[in-house]
2 protein chains.
Amino acid sequence: MRKTGQPTINDVARIAGVSKKTVSRVINRSPLLGDDTRKRVEQVIGDLGYIPNPQARALALRRNFLIGLVHDNPNAQTVMNVQQGMLEALHDTEFEMVVRPVDRGSATMLEDLRHFLERQRLFGVLLMPPISENDSVAKLCADIGCRYVRMGSAVLDDPAHMVASNDREAVRGATGYLIEQGHRRIGFVGGPHGFRSARERRAGFEEALAAAGIALPRSMIADGNYTFDSGLVAAERLLDVIPRPTAIFSSNDEMAAGVIHAARQRGLDIPRDLSIIGFDDTPIAAHVWPPLTTVRWPIASMARSAALKLIAGEEEDDTDVEEPSLFLSTLIRRASVAAPGG
Amino acid sequence: MRKTGQPTINDVARIAGVSKKTVSRVINRSPLLGDDTRKRVEQVIGDLGYIPNPQARALALRRNFLIGLVHDNPNAQTVMNVQQGMLEALHDTEFEMVVRPVDRGSATMLEDLRHFLERQRLFGVLLMPPISENDSVAKLCADIGCRYVRMGSAVLDDPAHMVASNDREAVRGATGYLIEQGHRRIGFVGGPHGFRSARERRAGFEEALAAAGIALPRSMIADGNYTFDSGLVAAERLLDVIPRPTAIFSSNDEMAAGVIHAARQRGLDIPRDLSIIGFDDTPIAAHVWPPLTTVRWPIASMARSAALKLIAGEEEDDTDVEEPSLFLSTLIRRASVAAPGG
DNA sequence: TTGTAGGCGTTATCAA
DNA sequence: TTGATAACGCCTACAA
């Protein structure tokens with residue numbers, strides 16, 4: 001109690017007139033403990049304001065109480081939603097969240113990550129997309145004995161290590177909605193190669209068209225990389241095609257904002273001349289003009305669930321309830337979609 | 001080396017044929033060490049892939065290597081920029097970042113924070129606005145011996161505990177720009193009461209008008225709370241005034257997007273009928289239509305500097321270079337401003 | 001320049 | 001049901 005000002009387990013033991021181990025048992029809710037001893041110790045703990053030192057526990061238990069968030073996601077809102085969901089799960093537990101961005105492009109990414117995990121000896125990590133799609137990262141975690149749960153747009157791993165949304169189905173539904181409105185010439189702005197989410201969304205798009213018997217010419221597909229600018233460029237390509245598409249599905253909101261931009265630069269009215277659907281339901285979707293119809297996936301819920309999976313069995317509460325592994329997305333209908341021609 | 005698979009200082013010592021202390025000296029770059037011994041130990045460390053256990057170090061040193069980010073900022077991009085800046089500073093150090101959102105509205109916020117800080121015994125915390133403006137929080141940190149640095153829109157603390165932007169001056173400049181363009185009826189959308197940034201920005205606005213000898217009727221001021229919707233509502237109030245303002249300064253970008261929305265709903269052309277300036281230069285600023293003229297403050301640089309202040313003296317590199325405490329903002333000129341009437 | 005003994009605050013083992 | 005003793009992996013103080 002001298003140096004740091006914080007009382008230690010020794011102080012509690014001495015004052016309560018019991019051994020350290022007994023105090024430890026009280027802290028850890030050991031079942032074999034006399035009621036009176038427990039009460040007495042708890043009294044002292046309360047009086048002293050004693051708080052167990054997590055570092056010491058980490059050392060003794062050979063594992064710490066840090067959950068890592070490993071991400072390389074460029075979208076701030078998405079990352080924040082994940083953080084929020086994780087923290088909801090970690091709230092009132094002894095776990096804390098440490099954030100670790102990684103550089104997917106870096107040649108040493110895997111080595112850096114290994115070094116980080118080995119050094120910090122994290123209790124577990126939550127892998128966000130798109131890095132979560134990288135199987136070598138999951139393998140790395142498994143190899144060095146670090147628990148992990150991956151978030152993704154499709155099931156990439158066994159349920160214990162995965163929470164997934166079903167992007168394909170969501171996009172199929174969104175595209176179906178455009179078709180219902182009467183659209184037949186529908187352009188597609190895709191995400192970057194190598195992204196599972198990009199692949200899933202495109203597959204959903206193609207499935208919807210196929211189901212409706214609508215041909216999909218190559219000219220109606222343009223690839224982007226999830227950025228505003230790439231969406232703008234892709235839209236310019238699509239809008240050059242004659243006859244022009246009457247609707248465009250964009251694989252994320254940011255690119256959809258670029259599509260809106262491009263359309264407006266050509267004097268096109270949205271949704272009269274062009275309907276647009278995005279994906280993610282980031283704040284930008286509600287704030288662009290006109291407000292963007294988009295697909296919302298339950299990011300925070302997924303992250304919360306993922307974190308709960310990670311610490312499952314560690315916390316006494318309702319560990320019997322299995323965390324779900326598959327999450328449903330919903331189409332948010334706003335003003336950017338109408339029947340062709342108004 | 002048995003349980004965890006990770007080699008310990010003992011393994012290194014045994015294999016290198018030296019004492020633990022010698023290995024410890026190598027790790028901590030003690031100057032008094034024979035070159036050959038050092039080389040030999042370093043060789044073994046490399047061979048074994050030995051990494052010192054941060055938990056054990058934390059225990060022995062009675063302090064850990066975690067830097068906290070305490071925030072209650074609703075803007076995702078701002079928080080992410082701060083995280084990025086912090087992590088840049090922490091890169092290649094032994095420090096990690098743990099994130100702690102707090103609820104400013106909660107009655108137990110201060111108690112929660114105290115509990116968090118006492119339990120985790122963080123090395124230090126970075127306080128983001130607006131919670132950083134709360135003097136009791138700073139006092140709490142000081143009381144329990146936790147280093148802290150506050151980020152803010154004005155100097156609220158001594159340089160060792162503060163990195164600040166100069167919002168007042170920035171807004172004065174931005175408003176001056178509108179005046180230069182010929183605007184005389186300029187509306188102001190303010191931030192929420194109790195926010196220092198809101199106060200500073202408003203002061204800057206008023207100073208600019210006063211300097212130009214322009215009266216500021218009460219009707220030209222509408223308060224918001226930094227959200228899109230509040231900006232929209234505020235703009236509706238301002239645009240109802242006759243004669244209408246020819247320009248509006250909005251205290252952040254999100255509200256400025258709401259202003260744009262409101263203007264468009266009335267069929268006003270921006271910038272012909274209404275010029276708009278925002279604050280923050282979030283991505284939304286570049287992506288709305290028309291692109292928004294706004295004030296950019298160097299968030300990431302400020303956060304990096306704040307983190308470096310926190311760990312100053314701990315890292316050997318260039319600790320002689322004092323971290324700056326005041327950061328300048330710049331006006332980013334885009335298409336949302338023109339002379340009145342086009 | 002290097003080593004020994006002891007401590008940081010906690011938990012595990014095993015005996016009482 | 002409790003307690004003594006020994007870890008956990010590292011660092012400081014003091015010796016050699």
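So you know, we letter chains A, B, ... as the sequences are listed, proteins then strands, and number each from 1.
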Which of the following nucleotides, D:dG9, D:dG3, C:dT11, is nearest to the side chain of A:R57?
-> C:dT11
Taking the side chain of A:T37 as heavy atoms from C-beta outward, which of D:dT1, D:dG9, C:dT10 is closest to it?
-> D:dT1
From CZ of B:R38 across to P of C:dT2 the rounded distance in Å is 9 Å
Ignoring the backbone of B:Y50, work out which of D:dG3, C:dT10, D:dC10 is nearest its side chain.
-> D:dC10
side-chain contact (heavy atoms from CB on, under 4.5 Å) with B:S106: which residues, sequence neighbours excluded?
-> B:D103, B:T108, B:M109, B:D112
Less than 3.5 Å between a donor and an acceptor, one on the side chain of A:K20 and one on the base of D:dA4, is that the case here?
-> no
Under 3.5 Å, is there a donor-acceptor pair linking the side chains of A:S136 and A:N134?
-> yes
Presence of A:T22 side-chain N/O under 4.0 Å of D:dT2 phosphate oxygens OP1/OP2 = no
What's the CG-P distance between A:D11 and C:dC8, to the nearest Å?
-> 10 Å
From the options C:dT11, D:dG9, D:dT2, select the nucleotide whose nearest atom is closest to the side chain of B:A56.
-> D:dG9
A:I9 near the nucleic acid: base, sugar-phosphate alone, or nothing, with a heavy-atom cut-off under 4.0 Å?
-> base
Integer-rounded Å distance: D:dC11 C1' and B:N64 CG | 16 Å
Under the side-chain contact (heavy atoms from CB on, under 4.5 Å) test, which residues partner A:D143, sequence neighbours left out?
-> A:K139
Of the listed D:dC11, D:dG3, C:dG9, the closest approach to the B:K21 side chain comes from D:dC11
So which nucleotide from C:dG3, D:dC10, C:dT11 ends up closest to the side chain of B:S19?
-> C:dG3
Residue B:L59, side-chain heavy atoms: nucleotide from D:dC11, C:dT10, C:dC8 that is nearest = C:dC8
Protein-nucleotide distance (A:R25, atom CZ; C:dC14, atom P), rounded to Å | 14 Å
Indicate, with a heavy-atom threshold strictly under 4.0 Å, whether A:V18 touches base, sugar-phosphate, or nothing.
-> sugar-phosphate
